[in-house]
Enquirer: 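Pasting in a structure now, in structure tokens, and then I'll have a few things to ask.
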Amino acid sequence: MTDAKKTPAAAADKPASTLNLPDTAFPMRGDLPKREPGWVQQWNAHEGEAGLYKRLRDARAGAPLFVLHDGPPYANGKLHIGHALNKVLKDMIVKSRQLAGFDAQYIPGWDCHGLPIENAIEKLHGRNLSRDDMQAKSRAYATEQISQQREDFKRLGVLGDWERPYRTMDPANEAGQIRAFKRVIERGFVYRGLKPVYWCFDCGSSLAEFEIEYQDKKSETLDVAFETDDATQLAAAFGLSALPAGHSAFAVIWTTTAWTIPANQALNAHPELRYALVQTDKGCLVLAESLVEKCLERFGLTGQVIATTVGAKLGGLNFRHPLYDVDAGYRRLSPVFIAEYVSDSDGTGIVHSSPAYGVDDFNSCVANGISYDQILNPVQGNGTYAADFPLFGGLHIWKAVPVILEALKNAGRLMATVTITHSYPHCWRHKTPVIYRAAAQWFIRMDEGEGVFTQDKAPKTLRQLALDAIDHTAFYPENGRARLRDMIANRPDWCISRQRSWGVPVPFFLHKDSGELHPNTMAILDQAADIVEKGGIEAWSRVTAEEILGAADAPHYTKSTDILEVWFDSGSTFQHVLRGSHAQAYAVKPYHESGPEADLYLEGHDQHRGWFHSSLLLGCALYDRAPYRGLLTHGFATDGQGRKMSKSLGNTVEPQSVTTKLGAEIVRLWVAATDYSGDLNIDDKILARVVDAYRRIRNTLRFLLANVSDFDAATDAVPADQLLEIDRWALARTAELQADILAHFERYEFHPVVSKLQVFCSEDLGAFYLDVLKDRLYTTAPKSLARRSAQTALHQITHAMLRWMAPFLSFTAEEAWPIFAGSASQGSIFFETFSRFDAPDEALLARWARIRAIRDVANKEIEALRAAGQVGASLQATLRITANTEDAALLRSLGADLKFVTITSAVSVEDGAELAVQVSPSTAPKCERCWHYVDDVGSHAEHPGLCGRCVSNLHGAGETRHIA
């Protein structure tokens, strides 16, 4: 029967008017896009009135604390579906913890410094802004972006301290970063060094390992010949008295970076590899013995191996730069260094070294006595060679490649060249190729070594501390552990300085001659933090050397203009948010005995190399431990075919559009219903299925609300031992499901909850319990034990179900809660905690599982007759069930209530060998009120259309139910 309001008593002559038809103010249509903003408005703080988040904190004061520390989204650009996925997932976890009885803190944050904002300002205002102007405009821009993003996050139903978020650009946080930086220095991790670091020409700055992604790139491979400087020494290394008469000799290298050849300063050979001296028409070539055949084929030559030797014998030999005879600027020698990193897996087995442009090359050259001052570094920050660099000055390195190839060819030193496509590091912001480039930078050391101004040396290396911390961290999913461990185990030292304007300063003063830090550096760091805390980073930019160092020292020192890279900003937020700007927000401080600790960090899986990574390193640098107990990662939002979203493909899904058209609740349900451990597909078809799922859940909830609308638990509830058996089963099934759901919530799993809730609504409730219950709810006396027993169960089920839904279907649960709870609602479902149930009666659950299985067999037989047109509704059917002794006894134990369980008008049970159901149409008349087909319809003359049961329920003592 469909829901309808109760018919007035004046219409009592109509049988339908005597039914207890369900009634509720909870509408069938959610009308989410129009109605959700109202709840958002109710949750927000208003003048003179605290918002919901603050009232929830007050209500949970003193409860166990749960802290999900927000990984700050970048304050730049419109929210995309990935933002929505991330924030909704965080919100669901916080709300589920709140409902579990925790004081569940969620302080949203924003990452505000860094290059993307500088790029946006340069696009708007040009590239030649002063430092002060860039900082002022960047701060204003970030403030505007945060305001826009915050409203979109609120619209998604995310609860948090929106009135007081943290921002990395807040002066207190900027100062906190400087103080954290000082502590990292004290513990011996910071040093200054010249090292090749990733460099982006578009950024004009070094990049961290976290900021690199790999994409395909076309490059020219080249085999280049380096002529020996001493043929006699080379012959001796191969055990020969002399080289063949009339033959020059060359060591041949292979590379994909033609632009590094002009800066070559050495060659490298592996000490244990065997090298061959190959006689060819173009001279004698030194090649790895295992690669001779491949190399000759590539060079288009034939040749004969005349001698071999091990790489160790080549150490110390000198070869001439391939442009030695072309320009005096290249009249230098390249010594052979012995290096373990050389291999014969490809190329020629000999590696050329331009130490400014490769980590291995740099380490090899420095280890062999090349000083920092001797390292050639002609490539400028914008990608061009220095103007005075021989032959190629002023050219951008990518454009210089064909010019270099032509010069080598003309010099007779280019053995071969081929265009290949290979995986190459790119800037993850600009999507452009990057290079390694040697630059004097500040680093955090991963392994043993000396730092500047060490005062309280850490007990282990940073790498060891971080690997230990990973072992004590929970991962969701578990495979994140190996991924983060591999990254930490293999990462280089962390370059933390950047050559930009919009960021927290590295407040150092360097001696103009020696490059040494001022001896009062540690005190200066304290002073800088105090200045920044009062006036932001802009205040430090305006400070002069004279104001800090005094008139005597100032002329001898240069004030650093470097900033800390943004991963230091976000990676240190646990320190200056949990311990600093928001410490008072916590009733129980989120401190481990050695520092702040969040229960959970949650971001996309790319943050193993980003925020998780930098936070781990800084937590260990400061406190010897991770700043989190657990790490949760989710996949990316992709289209329905699993493709990455892009404007060019036209497959993007904007959360604002979905919210406007379907409602934020649909976005939330999509997030909850999808396994976030992999990528999350979304498109219009997928959203349509989510809408259908939402409607089914809403309709079930509406039925529950409608059938308890006249029930007051305080006066009408039936004691547990007096409930009808099927009602006790329903509560046992609900308890069983809740235990399952709460276990999933504990593991931060939502898609199994949604799946099981849908099954519960459609199968346990809709297709069985509620279907069976309708007759009792509608036809028995309003206050009868039979009806109140059913309502008692429904009331408890609704209590539980609203709480299960609330973390993800927050708007719907909030809409239903005051309708359901009335004056006891406290205004929000989120003040509540999960319902308490006794342990489910396993025997009762097993008993009814078998009853339902038999009922399913009966339903199939009824459906066959319905399809044949022999019966209409199942109530028109009569059943004869044959069953084995055990099943027959089970069915007989239901007594007269068996017909209500099968929703038929009559059932007989007979003993037999196996289960069989015979269905036949009833020949009895139909009761106008309950629609059952029974022989006693009309047996009461004053109620000719009613059966005896309905007459008793309306005018007599009422029927007695025991089971259903």
Side-chain angles (χ1 to χ4, degrees), residues 72 109-114 131-132 135 138-139 142 166-192 208 441-445 451-456 494-510 517-545 547-549 557-583 595-596 614-615 617-623 627:
W110 273 273
D111 206 355
C112 307
H113 296 128
R131 193 178 190 88
D132 287 348
Q135 289 176 344
S138 294
R139 188 175 289 278
Y166 79 85
R167 308 181 305 170
T168 57
M169 70 177 181
D170 289 335
N173 290 342
E174 292 174 334
Q177 291 174 48
I178 295 174
R179 294 186 179 109
F181 180 47
K182 178 191 175 186
R183 180 60 181 154
V184 177
I185 294 172
E186 288 176 343
R187 306 203 75 218
F189 294 116
V190 176
Y191 72 96
R192 189 174 192 240
Q441 302 283 358
W442 292 100
F443 294 87
I444 290 180
R445 191 184 301 279
V452 295
F453 295 105
T454 302
Q455 298 176 12
D456 179 21
W494 180 7
C495 177
I496 57 170
S497 51
R498 295 289 181 272
Q499 293 66 54
R500 305 297 301 186
S501 300
W502 177 232
V504 174
V506 177
F508 287 162
F509 290 88
L510 300 165
L517 289 172
H518 193 279
N520 293 336
T521 290
M522 300 307 275
I524 291 170
L525 286 166
D526 289 332
Q527 192 175 357
D530 292 342
I531 291 169
V532 168
E533 189 159 20
K534 293 176 182 176
I537 61 171
E538 297 87 341
W540 178 256
S541 293
R542 294 189 292 268
V543 166
T544 64
E547 291 174 281
I548 302 298
L549 305 181
Y557 285 87
T558 299
K559 181 185 177 187
S560 172
T561 58
D562 286 353
I563 64 170
L564 290 168
E565 70 138 342
V566 292
W567 290 111
F568 195 103
D569 282 32
S570 58
S572 61
T573 54
F574 65 86
Q575 171 73 356
H576 45 266
V577 176
L578 300 188
R579 170 163 278 187
S581 62
H582 288 75
S614 61
S615 298
L617 293 183
L618 287 174
C620 291
L622 294 171
Y623 298 109

Enquirer: Are L618 and I496 packed together at the side-chain level, in the sense that at least one heavy-atom pair is separated by less than 4.5 angstrom?
Expert: no
Enquirer: Taking all non-hydrogen atoms of both residues into account, name the closest pair between Y166 and P72 and its distance.
Expert: OH-CD, 3.3 Å
Enquirer: Kindly assign one of parallel, tilted or perpendicular to the pair F509 and W540, based on the angle between their ring planes and the thresholds 30° and 60°.
Expert: perpendicular
Enquirer: So do M522 and I185 actually touch side chain to side chain, heavy atoms under 4.5 Å?
Expert: yes
Enquirer: Please determine which of Q575, R187, R183 meets the side-chain hydrogen bond (donor to acceptor under 3.5 Å, both in side chains) test together with Y623.
Expert: Q575
Enquirer: Are side-chain heavy atoms of I548 and H518 found at a separation under 4.5 Å?
Expert: no
Enquirer: Could you tell me whether D132 and R542 have a side-chain N and a carboxylate O separated by less than 4.0 Å?
Expert: no
Enquirer: I'd like to know if the side chain of S614 and the backbone of W567 have a donor-acceptor N/O pair within less than 3.5 Å.
Expert: yes
Enquirer: How far does NE2 of H113 sit from CD of Q135, to the nearest 0.5 angstrom?
Expert: 8.5 Å
Enquirer: So do the side chains of V543 and K559 get within less than 4.5 Å of each other, counting heavy atoms only?
Expert: yes
Enquirer: Could you measure the distance from the CG atom of D562 to the CD atom of Q499? Nearest 0.5 Å is fine.
Expert: 4.5 Å
Enquirer: Begin with the C-alpha distance, continue with both residues' side-chain angles, and end with the deciding distance and a verdict on side chain to side chain contact (heavy atoms under 4.5 Å, CB included) for I537 and R139.
Expert: CA-CA 10 Å; I537 61 171; R139 188 175 289 278; 4.1 Å; yes
Enquirer: Please give me the minimum heavy-atom distance between G536 and E174, naming the atom from each residue.
Expert: CA-OE1, 3.4 Å
Enquirer: Give me the atom names and distance for the closest heavy-atom approach of A529 to A175.
Expert: O-CB, 3.3 Å
Enquirer: Return yes if some donor-acceptor pair links the side-chain N/O of R500 with the main-chain N/O of L564 below 3.5 Å, else return no.
Expert: no
Enquirer: Between K182 and D526, is the side chain to side chain contact (heavy atoms under 4.5 Å, CB included) condition met? List the steps.
Expert: CA-CA 8 Å; K182 178 191 175 186; D526 289 332; 2.8 Å; yes
Enquirer: Answer yes or no: is there a donor N or O on one side and an acceptor on the other, between the side chain of T168 and the main chain of S570, under 3.5 Å?
Expert: no
Enquirer: What pair of heavy atoms forms the shortest contact from S541 to R131, and how long is it?
Expert: OG-NE, 3.9 Å
Enquirer: Give, for atom OG of S560 and atom CZ of F508, the distance between the pair rounded to the nearest 0.5 Å.
Expert: 8.0 Å
Enquirer: Give me the atom names and distance for the closest heavy-atom approach of P507 to A528.
Expert: CB-CB, 3.6 Å
Enquirer: What do the steps show when you test L517 against R192 for side chain to side chain contact (heavy atoms under 4.5 Å, CB included), and what is the final call?
Expert: CA-CA 10 Å; L517 289 172; R192 189 174 192 240; over 6 Å; no
Enquirer: How far does CD1 of I178 sit from CD of Q527, to the nearest 0.5 angstrom?
Expert: 11.5 Å
Enquirer: Got a second to check how far F568's CZ is from W494's CH2, nearest 0.5 Å?
Expert: 6.5 Å
Enquirer: Do W502 and I563 have side-chain heavy atoms sitting under 4.5 Å apart?
Expert: no
Enquirer: So, for S615 and F574, which heavy atoms are closest and what is the spacing to 0.1 Å?
Expert: O-CE2, 3.8 Å
Enquirer: Would a distance-only check, ignoring hydrogens and angles, find a side-chain to backbone donor-acceptor pair under 3.5 Å from N173 to R167?
Expert: yes
Enquirer: Do E533 and R179 have side-chain heavy atoms sitting under 4.5 Å apart?
Expert: yes
Enquirer: Check whether any side-chain heavy atom of N520 lies under 4.5 Å from a side-chain heavy atom of L549, and answer yes or no.
Expert: no
Enquirer: Given F181, which of V504, L525, I444 fulfils the side-chain contact (heavy atoms from CB on, under 4.5 Å) condition?
Expert: L525
